[in-house]
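One structure below.
Here is how names work: the chains are called A, B, and so on, in the same order as the sequence lines, proteins then strands, and each is numbered from 1.
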Amino acid sequence: MSTNVDTIRNLAEREYKWGFVTEVEDDRVPKGLNEEIIRTISAKKEEPQFMLEWRLKAYRHWASLEKSEAEPKWANIKYGPIDYQGIVYYSAPKKKAGLQSLDEVDPEILRTYEKLGIPLAEQKMLAGVAVDAVFDSVSVATTFKAKLAELGVIFCSFSEAVQQHPELVQKYLGSVVPYTDNFFAALNAAVFTDGSFVYVPKGVRCPMELSTYFRINAAETGQFERTLIVADEGAYVSYLEGCTAPIRDENQLHAAVVELVAFDNAQIKYSTVQNWYPGDKQGRGGIYNFVTKRGKCAGMNSKISWTQVETGSAITWKYPSCILQGDNAVGEFYSVALTNNYQQADTGTKMIHLGKNTTSTIVSKGISAGHGQNTYRGMVKIMKGASHARNYTQCDSLLIGDQCGAHTFPYIEVKNSSSRMEHEASTSKIGEDQLFYLQQRGLKTEDAVSMIVNGFCKQVFRELPMEFAVEAQKLLSVSLEGSVG
Amino acid sequence: MSLLEIRNLHVSVDGHEILKGINLAVNAGEVHSIMGPNGSGKSTLAQVLSRRDMYRVTSGEIRFNGKDLLAMKPEEAAAEGVFMAFQYPVEIPGISNTYFLRSALNAIRKYRGEEEIDAMDFLPVFREKLKLLEMDERLMNRSVNEGFSGGEKKRNEILQMAILDPKLAILDETDSGLDIDALRIVAQGVNAMRSPDRAMLVVTHYQRLLNYIVPDFVHVLVDGRIMRSGGPQLALELEAKGYASMEAEARQTVPASA
Ligand SMILES: Nc1ncnc2c1ncn2[C@@H]1O[C@H](COP(=O)(O)OP(=O)(O)OP(=O)(O)O)[C@@H](O)[C@H]1O
Ligand SMILES: [Mg+2]
């Protein structure tokens, strides 16, 4: 399966369904953020009253934070001030700058597309060049939709969910990440334009991996994306997010929110491959990716697993977390974060143990090359009632070259004496001896580096669905090109 | 012309001269043993031949199969047919031996313009070599050398050599760390690979190995120079007399400028 195909399919379908092509010119709100803008967005999306109210509350909260300069500054990242009034918060569909041909695209990006083996038409799509081909994928998507509908699985864009299933949205929206959670979550709640919605009913095991591949009209959710996934009792779902090709994007700031809810015996597996534009070799440009992802294991024996491969963005600020509320709940976080050139990542997780016998596993693999700065920030909190809770944390850093950095900030808070914690950490450099060993066996420097790095990431890759794992490996090699020798 | 010709090779590390004028010619089909005290430069020679770049060649020349070996990168030398069994094999966590071996073989095949070999075709070749070295296939699903015993690592080096089928095999103290049975098995593996097309350089401290792998020539390296060369009986003589007497002898007979 190719996620790139999905992106194109979705775009094609979206235009087909909503006929955006003719609307483009005037469907935009002015720059800046105020209550009027929020009202306009909500009106354009024909949202029910509760949505508007929620957005307004979020906006007011965000505005008060902004005024008191409460944009979080604790992360180990450096960036210039973001001009929140300089952003256009609604423009649908987000018509990219309208490049006329691939000649106008950064040749570095094109080279990467080639290495990843992406066909020409898809390259155009990803790079934001107008594509005139017609994609006949409606039938594919409808087949899947029919199958999912048969099982009662709801999988649609967030906008569609607001229209078709307002009661579900109202019930769960903000139940895991309230708009008061943090600065960027408040901003997202106020202005988010779209995203995904998934509901898997009681006892249903979703028969396929859900990704944008099967979803009509949900690509291009823009810079403020919101995803909500609910797995009812005994349900299972695996959700894939992302694209392995770098996406050229005009927006520098991305602030997404993902909420997951798992009831008794339910399981949610959420996998991400993030490869937004990282900026150029000198560190100019690139996406600022400020994401709030959190899952609530609300029920007994529920399980939520986050697996992420983060290789893109100039700045990554992201802590997919689990609230382990139900007894015996299980939370997992498997992460690979790579920073090359001038990229900065501050990422990790929070595991909050509330229920009895809850267990969490954290495996973080940070790779720094060039001038990249990579920070693991993790919190494990074991509350009073969480008797016999267990946590295993493994946190490894790999350095390539001597101008990059790796940092770890593990916070641990234990309020229960019957709990057990294990923590392992390591920092290593790709050794000249390892490289030479592989070269002596015939491997080129680049292949030797990517073999060592892939070996380092193995524990995380094996958590990914097969096709995703293969693409992630390729992606790492491409992202590391030129980092040695 | 010999397969390998080393002429007046001088090598330094961090400003220290370690090899001080090596001359050596090795023909295809021959096995040469290099002996010598600790720190005399045996591993340095092996590593220079496999093009490790931390060693600076200050003068001299190496021709391999008619080509300028010193102009090659390590992976090029490997693809041209130079293989070194490491004195201290390296661990590569997370990469299985099987995958590693096939990747290495394919990298070399690609360099030579040959078709890559897929997992299905690789397996029988692989199994045959495993059998030759009496190695457990289960070991091969583990990461490269990770958690291997000292002897297993050394055996793994010879397995790699058997699969990569080099023109010049350099064995750097492959016998150290092997128990008696393993020594015999490894020697059998090496002997099975002796062929008119292949040359071997066997670095060792012990005559014991040379009972199994009988060399055509023995060279004694002392302080960066080849002090003496001879037939297999030279190893026996060394064993009896030790290096000290030979060094003393050498000081009397070899002019300092050699
Ligand atoms: N990378 C290096 N940096 C500094 N000195 C080095 C390096 N490599 C080798 N040397 C020095 O060069 C000399 C020769 O080392 P080499 O490893 O070639 O000896 P050897 O003959 O293989 O010894 P042994 O029998 O102990 O394996 C030693 O004095 C060693 O300390
Ligand atoms: Mg040595």
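- Heavy atoms closer than 4.5 Å to chain A are found nowhere in B/M161, neither backbone nor side chain.
- Neither the backbone nor the side chain of B/E80 comes within contact range of chain A, judged by heavy atoms closer than 4.5 Å.
- Seen from the ring of A/Y270, A/K293 does not count as a face-on cation partner, given the 6.0 Å and 45° thresholds.
- Ion pair B/R63/B/E61 flagged as a salt bridge, since at least one NZ, NE, NH1 or NH2 atom sits closer than 4.0 Å to an Asp/Glu carboxylate oxygen.
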Could you give me the CA-CA distance, side-chain angles and deciding distance for A/K281 and A/Y342, then say whether side chain to side chain contact (heavy atoms under 4.5 Å, CB included) is met? CA-CA 7 Å; A/K281 290 203 165 66; A/Y342 285 88; over 6 Å; no
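- B/Y111 does not touch chain A: none of its heavy atoms, backbone or side chain, sits under 4.5 Å away.
- For B/P166, no part lies near chain A; criterion is any non-hydrogen pair under 4.5 Å.
- In this structure, B/H219 and B/H32 have parallel ring planes: the angle between them is below the 30° cut-off, well short of the 60° mark.
- Contacts between A/E432 and chain B at a heavy-atom distance below 4.5 Å involve backbone atoms as well as side-chain atoms.
- Taking chain A as the reference chain and counting heavy-atom pairs below 4.5 Å, the highest number among B/A104, B/S143, B/P89, B/A77 is found for B/A104.
- Contacts of B/V82 with chain A are made by both backbone and side-chain atoms, with heavy-atom separations under 4.5 Å.
- The contact between B/L164 and chain A is made entirely by side chain atoms (from C-beta outward), counting heavy-atom distances below 4.5 Å.
- Cation-pi check for A/R441 over A/Y437 is met; the charged atom lies under 6.0 angstrom from the ring centroid and within 45 degrees of its normal.
- Between the side chain of B/K154 and the main chain of B/E173, a donor-acceptor pair closer than 3.5 Å is present.
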